[in-house]
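The structure appears right after this line, and notes come after that.
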2 protein chains.
Amino acid sequence: MDMTSKLTAVAERLFDRHGYMATGMDRLTEAAGVSSRTLYKHVGSKTELMARVLTERDRRFMARIEVRSVDALFAALEDWVRVEGCRGCLFLRTRAETGGDTPEIAEAVSLHKEALQQRIREVVAMDLGREDLALAEQVLVLFEGATHAAVYRGAQTVSAARAAAFTLLERARP
Amino acid sequence: MDMTSKLTAVAERLFDRHGYMATGMDRLTEAAGVSSRTLYKHVGSKTELMARVLTERDRRFMARIEVRSVDALFAALEDWVRVEGCRGCLFLRTRAETGGDTPEIAEAVSLHKEALQQRIREVVAMDLGREDLALAEQVLVLFEGATHAAVYRGAQTVSAARAAAFTLLERARP
DNA sequence: TGCAATGTAAAACGATCGTTTTACATTATG
DNA sequence: CATAATGTAAAACGATCGTTTTACATTGCA
């Protein structure tokens, strides 16, 4: 694992767990066990690092939800929150914390959410045998809702979302 | 309107729109048209101000969702996002940005989310004629999901959540 | 009239921020 | 062996942060 990937992984963990405000570059160097010079040589700046974290997280997250049914989608989300914890969507949090004023970050968030919507539309289509944009939007709401309600309700909420999705899907089926 | 309320209102607007990181106390004094001395005399500190903003927002938000049906609940949310915009739940954002390490803020968020859950349970019970905690949890997921998906999908998403809630409720009815 | 109270304007505080620099050690490779 | 690359340790940079202080103006009330 090269230095940049390591730094990105450490940064993702700290940013996610303590927020961007509370995570200074010195905390990062300490946690990663590198000098500030090395840090800056590899990641350029804090803003670049934030964007890189999002890009990497998108890769990891999207790989996790490469599934073929809505039920598997929520099962994958259950796995994710069990492994990664539930602190809300880091993409939306990052965008909110920067006020949307950082183009690189705004674009990383935009790309991720676009990919997420596309994936959900595909999964709904697989399950239903046809496209259903309205249902896909409802599933998206459940997905986003599970992610955020889990922050204070815990992982059980993902199961509730899963059950709700099942009901909605059942009703839309031929 | 007294000074403290005015300062809290201005702070809520800036915090919500640009994030806490990007909203310094000087921006607040400028936006409110007061001196920094007056600001600190009334709100104590930035942390206190953040907590006060949440308490005030809870009051306003909960007043808005004093409704008697699930459908009215989502209608109220539609109104809210039309008037206040959609930048995600400020409570969760604040908690995330402080890493949950600020007790006053963590408690304000906790109180709000507890109240929200209670309200939803009540509304579901009114609609259904009986308590249904599982359904209430699903409605909570839809509510939270609508709030956050609306950030990138716009207000239309609240309508999707509303429709989904209607379907789930229909199915649970006697 | 005089005295609190309450406000502004603006400088200054120390701390901390992201970032750069200086000086030096280690390692891989020709 | 020499040299270039890559790392650490640590001081220092200027900017900005939240906060306090100094000095002065306005106002309401005894």
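For the numbers below, each heavy atom of this structure counts, side chains included, while hydrogens, waters and symmetry mates do not. Naming: A, B, ... by sequence-line order, numbering from 1 per chain.
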Quiz item: On DNA chain D, nearest-nucleotide positions of B:Y40 versus A:K41: which is more 5'?
Solution: A:K41
Quiz item: Residues in ring-ring contact (aromatic ring centres under 6.0 Å, His included) with A:Y40, at least two apart?
Solution: none
Practice problem: Only pairs at least two apart or in different chains count here, so list each salt bridge (charged side-chain N to carboxylate O under 4.0 Å, His left out) that has a residue in residues 153-162 of chain B. | Solution: A:E137-B:R153, B:D71-B:R162, B:E78-B:R162
Restricting to nitrogen or oxygen on both sides, can you table the protein-nucleotides 25-28 of chain D pairs closer than 3.5 Å?
none

Practice problem: For the residue pair B:T29 and B:D26, confirm or rule out a side-chain donor-acceptor distance under 3.5 Å. | Solution: no
Quiz item: Rounded to whole angstrom units, what separation is found between the CG atom of A:L7 and the C1' atom of D:dT6?
Solution: 13 Å
Which donor-acceptor pairs under 3.5 Å do the side chains of residues 86-96 of chain A make with protein atoms, sequence neighbours left out?
residue, atom, partner, partner atom, Å
A:R87, NE, A:D16, OD2, 3.2
A:R87, NH2, A:D16, OD2, 3.2
A:R87, NH2, A:E84, O, 2.7
A:R93, NH1, A:D16, O, 3.4
A:R93, NH1, A:D16, OD1, 2.9
A:R93, NH1, A:R87, O, 3.0
A:R93, NH2, A:D16, O, 3.0
A:T94, OG1, A:Y20, OH, 2.6
A:T94, OG1, A:L90, O, 2.5

Self-check item: Partners passing salt bridge (Lys or Arg N to Asp or Glu O under 4.0 Å) against A:D101 (at least two apart in sequence or in another chain)
Solution: none
Quiz item: Which residues, if any, of residues 16-38 of chain B bring a heavy atom under 4.0 Å of DNA chain C?
Solution: B:G33, B:V34, B:S35, B:S36, B:R37, B:T38
Could you list the donor-acceptor pairs under 3.5 angstrom formed by side chains in residues 163-174 of chain B, with sequence neighbours left out?
residue, atom, partner, partner atom, Å
B:T167, OG1, B:A163, O, 3.2
B:E170, OE1, A:R171, NH2, 3.0
B:R171, NH2, A:E170, OE1, 2.9
B:R173, NH1, B:D127, O, 3.3

Quiz prompt | Partner set under ring-ring contact (aromatic ring centres under 6.0 Å, His included) for A:H148, not counting sequence neighbours | solution = B:H148
Quiz item: Along DNA chain C, 5' to 3', what are the outermost nucleotides having an atom less than 4.0 Å from a heavy atom of chain A?
Solution: C:dC17 to C:dA23
Quiz item: With sequence neighbours left out, which residue pairs that include part of residues 121-140 of chain B fulfil the ring pair (Phe, Tyr, Trp, His ring centres under 6.0 Å) condition?
Solution: none
Quiz item: Who pairs with B:Y152 by ring-ring contact (aromatic ring centres under 6.0 Å, His included), at least two apart in sequence or on another chain?
Solution: none
Quiz item: With A:R68, which residues qualify under salt bridge (Lys or Arg N to Asp or Glu O under 4.0 Å), at least two apart?
Solution: none
